[in-house]
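Encoded as structure tokens, the structure appears first; notes follow it.
What you see is a predicted model, and the numbers here were worked out from it, not measured in a lab. Only this structure's heavy atoms are used, side chains among them; waters, hydrogens and symmetry mates stay out. All residue numbers refer to positions in the sequence shown, counting from 1.
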Amino acid sequence: MKDAFGTPQSLLVLGGTSEIGLATARRLITRRTRTVWLAGRPSPALESAAAGLRELGADVRTVAFDALDTDAHEASLGKVFAEGDIDMVLLAFGVLGDQSRDENEPGAAALIAQTNYTGAVSSGLVCARALQTQGHGSLVVLSSVAGERARRANFIYGSSKAGLDAFAQGLGDALHGTGVHVMVVRPGFVRSRMTAGLPEAPLATTPEAVALAIETGLRRRSETVWVPGALRVVMSALRHVPRAVFRRLPV
């Protein structure tokens, strides 16, 4: 169970090699988290991530998980919950894609949507039901400011995150009063492997900063977290800019 400050004793990371997911796990381990499950495709990278967390003193296990294999989600994630209660699930997987290529390759664009949205809906519902059955826990969903308003530069990725964000908000409403807390996290540009080589956007952040925001949001029982917080004001303004003007903005 969580302590009075919202720190989970057990954590399941969907997307076990995610830099944000691992930064969050490291931060929580230094607090109170003792059991960590890393769910991802079996690989040396997944095992290396687990080994790194074990060095911090946590009991770390891995479980095979593929966002695209929705038929296997109940069985693979069910194994985790069968081992004991999970205080927090962090849905941290996703792909950015290459907008210039993907808009000319419908199959590639569909793969982004299937990973970021369909895979998240499936695994999110499986975990939400398990958390509701145990009667407590938090489901933290990594969304993105890209989902707030479609931009020419990344509307395929942005649209998948917009769908995920709406799903997570609705799921949070559906679970209200059940003991399960759903928190949507909306980072801006995060300096990571995913964004390596891309022009850095204003108000760029880091995996460690997102991890800190997640920890703070858990403690406050927040429903929505912006990283950095200033993006909430920025996106509130951009959301109301007329499209004819918005499409000419360097965003």
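- Considering only heavy atoms from C-beta on, Val36 stays 4.5 Å or farther from Met88 through its side chain.
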Any chance you could lay out the side chain to side chain contact (heavy atoms under 4.5 Å, CB included) test for Leu142 and Leu164, step after step, and finish with the verdict?
CA-CA 9 Å; Leu142 284 184; Leu164 171 61; over 6 Å; no
Between Arg220 and Glu215, is a salt bridge (charged side-chain N to carboxylate O under 4.0 Å, His left out) present by the stated rule, with each step listed?
CA-CA 9 Å; Arg220 295 175 177 172; Glu215 181 190 19; over 6 Å; no
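- Residues Thr206 and Val190 are not in side-chain contact: their nearest non-hydrogen atoms beyond the backbone lie 4.5 Å or more apart.
- The distance from atom CZ of Arg54 to atom CG of Asp59, rounded to the nearest 0.5 Å, is 8.0 Å.
- A salt bridge links Glu208 with Arg26: the closest approach of a Lys/Arg side-chain nitrogen to an acidic carboxylate oxygen falls below 4.0 angstrom.
- Within the 4.5 Å cutoff, the side chain of Asp71 has heavy atoms near those of the Asp69 side chain.
- Side-chain atoms of Asp173 and Gln169 form no donor-acceptor pair, as typed in the model, at a separation below 3.5 Å.
- Using modelled atom types and a 3.5 Å distance limit, the side chains of His73 and Ser123 yield no donor-acceptor pair.
- The heavy-atom pair separating Gln134 from Asp85 by the smallest distance is OE1-CA, 3.3 Å.
- Between Lys79 and Glu74 there is no salt bridge, since no side-chain nitrogen of the basic residue lies less than 4.0 Å from a carboxylate oxygen of the acidic one.
- For the pairing with Cys127, the side chain to side chain contact (heavy atoms under 4.5 Å, CB included) check across Val180, Leu12, Val80 returns one residue only, Leu12.
- Going from atom OG of Ser10 over to atom CD1 of Ile86 covers 4.5 Å, rounded to the nearest 0.5 Å.
- Rounded to the nearest 0.5 angstrom, Leu125 CG and Leu77 CG are separated by 11.5 Å.
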Go through the steps for Met183 and Leu218 under the test side chain to side chain contact (heavy atoms under 4.5 Å, CB included), then give the verdict.
CA-CA 8 Å; Met183 185 169 77; Leu218 286 173; 4.3 Å; yes
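- Taking the six-membered ring for Trp and thresholds of 30 and 60 degrees, Phe93 and Phe65 have ring planes inclined between 30 and 60 degrees apart.
- Follow the hydrophobic side-chain contacts under 4.5 Å out from Phe81 and you never reach Leu90; the two are in separate clusters.
- The shortest non-hydrogen separation linking Pro187 to Val185 is CD-O, 3.2 Å.
- Salt-bridge check for Glu148 with Arg232: failed, with every basic side-chain N at 4.0 Å or more from each acidic carboxylate O.
- Atom CD1 of Ile29 sits about 12.5 Å away from atom OG1 of Thr7, to the nearest 0.5 Å.
- Within 6.0 Å of the CD atom in Glu223, the count of heavy atoms belonging to other residues, nucleotides or ligands does not exceed 12.
- The shortest non-hydrogen separation linking Val182 to Ala168 is CG1-O, 3.6 Å.
- Here the straight-line distance linking atom CG of Asn154 with atom CD1 of Ile112 works out to 10.0 Å at 0.5 Å rounding.
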Assess the residue pair Leu231 and Val233 against the criterion (side chain to side chain contact (heavy atoms under 4.5 Å, CB included)); give the C-alpha distance rounded to whole Å, side-chain angles, the decisive distance to 0.1 Å, and a yes or no.
CA-CA 5 Å; Leu231 279 173; Val233 177; over 6 Å; no
Quick one: do Thr70 and Val121 satisfy side chain to side chain contact (heavy atoms under 4.5 Å, CB included)? Show the steps, please.
CA-CA 9 Å; Thr70 55; Val121 168; over 6 Å; no
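- Residues Leu46 and Gly40 come closest through the heavy atom pair CD2-O, 3.7 Å.
- Residues Val227 and Ala213 share a closest heavy-atom pair of CG2-CB, 3.5 Å.
- Here the CG atom belonging to Asn116 is positioned 10.0 Å from the CG atom belonging to Leu91, to the nearest 0.5 angstrom.
- Within 6.0 Å of atom CZ in Arg149, more than 12 heavy atoms from other residues, nucleotides or ligands are found, so the atom counts as buried in its surroundings.
- Taking the side chain as every heavy atom from C-beta outward, Val13 and Trp37 never approach each other to under 4.5 Å.
- Gly16 and Ala49 get closest at one heavy-atom pair: O-CB, 3.9 Å.
- Salt-bridge formation is detected for the pair Arg186/Asp165: a Lys NZ or Arg NE/NH1/NH2 atom is positioned less than 4.0 Å from an Asp or Glu carboxylate oxygen.
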